[in-house]
Asker: 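I have a structure here, written as structure tokens, and I will follow up with some questions on it.
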Amino acid sequence: MIYLDNAASSYPKPTHVITAMEACIRDYAANPGRGTHQLAMRASRTLFEARSKAAKLFGIKNCDNVAFTKNATEALNLGIKGLLQRGDHVITSTLEHNSVRRPLEFLHKQGLIELTYVPADAQGRFYAEDIRPAIRDNTRLIAVTHGSNLTGTLMPIAEIGQIAKEHGIVLLVDVCQTAGVYPIDVEAMNIGLLAFTGHKSLYGPQGTGGLYIHPDLDLVPLMQGGTGGYSEWVEMPMTRPDRYEAGTPNTVGFAGLLAGLTFLEETGLANIRAHEEALTTVLHQGLLEIPGVEVYGPPLGEARVPIVSFTIAGFESHEIGFILDKNYNICVRSGLHCAPLAHETVGSIEHGLVRVSIGYFNTAEDIDAILQAVREIAG
Ligand SMILES: Cc1ncc(COP(=O)(O)O)c(C=O)c1O
């Protein structure tokens with residue numbers, strides 16, 4: 001089987017991720033932060049180490065400013081709903097995943113916020129300067145993805161961060177498709193809120209993610225409940241990360257994420273990126289050469305995350321995904337990829353697209369195999 005759906009969830013996971021999770025559930029899966037006995041302390045230590053490594057990856061000085069969540073969607077909901085107040089204006093892009101768009105639309109439909117979409121062009125390119133004319137006196141938030149999960153667009157986050165800083169606007173960045181592959185620094189990029197997921201290029205399991213919250217921002221917690229400390233208080237404590245982490249965390253999952261982040265450190269982002277970008281270029285070039293195939297997103301030679309989306313004339317995207325799976329044993333994702341506006345932007349909303357997303361464990365042979373399969377299907 002050839003797995004080319006790493007933008008949905010990375011697979012396989014490094015062996016150490018599996019052994020770390022097994023060791024946690026077998027040896028010390030006590031409740032972290034809820035006791036001072038040795039097993040609770042060991043579980044707490046694992047969470048702390050995972051938080052420290054996640055913070056380091058994003059240039060965050062104090063890891064208490066990272067709140068763990070069950071995925072990026074929860075982190076984005078916390079960032080958006082915890083920050084915004086009635087009358088605020090938000091700017092977002094047309095490349096967003098539904099995990100950004102839906103919470104924004106939810107608040108908008110309730111009449112609580114004003115919302116402006118800044119469009120990418122038909123090739124999925126996004127220009128930071130297009131944000132300026134959309135800024136209003138009440139613009140509180142710019143919410144954008146760092147890498148489109150459909151077109152592969154790599155967004156100019158540092159430039160957007162500069163504009164946000166000039167206007168005193170909070171920048172929320174969804175780094176689901178870039179964390180673990182591209183350098184990210186919350187301070188250099190002026191990021192106020194950063195949402196990540198653990199199960200893609202951080203090599204952790206599903207059920208892990210988090211939100212960086214700038215120390216000056218006080219979000220309203222999404223949930224209230226036990227935090228292990230300050231139990232006599234009726235309200236959620238102000239201390240971080242407890243304020244945003246009600247209930248028992250997924251210690252086994254974060255033990256896996258810690259191992260995934262360790263794998264990243266040992267392998268090196270630059271090596272991972274070089275490998276994935278090289279394969280992406282071969283795939284992109286190869287698809288362009290097949291008659292009947294149309295590739296979407298930025299042209300060859302322009303920056304893109306390791307994602308290439310395409311269609312074949314005369315086929316529905318789901319048909320192609322089905323044939324690749326059943327006849328060629330190749331796993332890809334077809335359809336709308338939870339990003340319908342991005343499909344509208346590049347003109348693929350009617351038929352959807354086939355998305356091939358490359359991970360560190362893919363090889364040149366995998367790319368040859370999918371290119372050969374697409375040649376046969378298109379021919
Ligand atoms: C760009 C982007 N944002 C957000 C998400 C949501 O991540 P999760 O499902 O882990 O919450 C995804 C997942 O596919 C994504 O690709």
Side-chain angles (χ1 to χ4, degrees), residues 3-11 13 54 58 66-81 92-106 117 120 124 126 142-155 157 160 171-182 184 191 193-212 222 244 250 253-254 256-257 260-261 276 296-298 304-309 321 331-343 345-346 352-359:
Y3 186 81
L4 286 164
D5 193 19
N6 291 280
S9 263
S10 64
Y11 177 86
K13 303 296 182 195
F58 302 126
V66 176
F68 277 151
T69 59
K70 70 174 187 291
N71 47 37
T73 301
E74 186 184 330
L76 288 160
N77 271 269
L78 170 59
I80 289 168
K81 294 174 183 163
T92 190
S93 86
T94 55
L95 295 177
E96 301 310 310
H97 189 274
N98 275 342
S99 54
V100 172
R101 189 184 180 203
R102 283 183 174 164
L104 289 174
E105 285 288 352
F106 175 79
Y117 288 94
F126 187 89
I142 297 172
V144 286
T145 187
H146 187 194
S148 160
N149 68 315
L150 175 72
T151 60
T153 304
L154 194 58
M155 300 281 265
I157 293 300
I160 298 172
L171 173 61
L172 162 64
V173 184
D174 165 4
V175 296
C176 281
Q177 295 300 340
T178 52
V181 187
Y182 294 87
I184 296 166
I191 296 172
L193 298 164
L194 175 133
F196 63 93
T197 203
H199 64 100
K200 300 187 197 267
S201 297
L202 301 186
Y203 301 99
Q206 295 164 359
T208 58
L211 181 72
Y212 160 69
L222 269 191
Y244 305 110
N250 175 10
F254 286 105
L257 181 62
L261 290 165
E276 294 184 357
Y296 289 72
R304 65 159 64 218
V305 301
I307 286 174
V308 185
S309 296
C331 303
V332 296
R333 171 102 180 258
S334 54
L336 296 185
H337 314 90
C338 301
L341 256 191
H343 279 275
T345 304
V346 298
L353 291 178
V354 178
R355 180 184 73 185
V356 183
S357 50
I358 292 166

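Start at 1 and go down the list; that is how both ligands and their atoms are numbered. In what follows, residues are counted from 1 in the order of the sequence shown. Scope of the values below: all heavy atoms of this structure, side chains included, with no hydrogens, waters or symmetry mates.
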Asker: Can you tell me how far the CG atom of Leu341 sits from the CG atom of Leu150, to the nearest 0.5 Å?
Answerer: 11.0 Å
Asker: Relative to each other, are the rings of His337 and His343 parallel, tilted or perpendicular (30° and 60° limits)?
Answerer: parallel
Asker: For the aromatic rings, using the six-membered ring if either is Trp, is the centroid distance between Tyr212 and Phe58 under 6.0 Å?
Answerer: no
Asker: Looking at side-chain heavy atoms only, is the closest gap between Thr145 and Val100 below 4.5 Å?
Answerer: no
Asker: Are the side chains of Leu95 and Val144 in contact, using a 4.5 Å heavy-atom criterion?
Answerer: no
Asker: Taking any residue with a non-hydrogen atom under 4.0 angstrom from an atom of ligand 1, which ones do you get?
Answerer: Asn71, Ala72, Thr73, His97, Ser99, Thr145, Asn149, Asp174, Cys176, Gln177, Thr197, His199, Lys200
Asker: Output the distance between atom CG (Leu76) and atom CG (Leu194), rounded to the nearest 0.5 Å.
Answerer: 9.5 Å
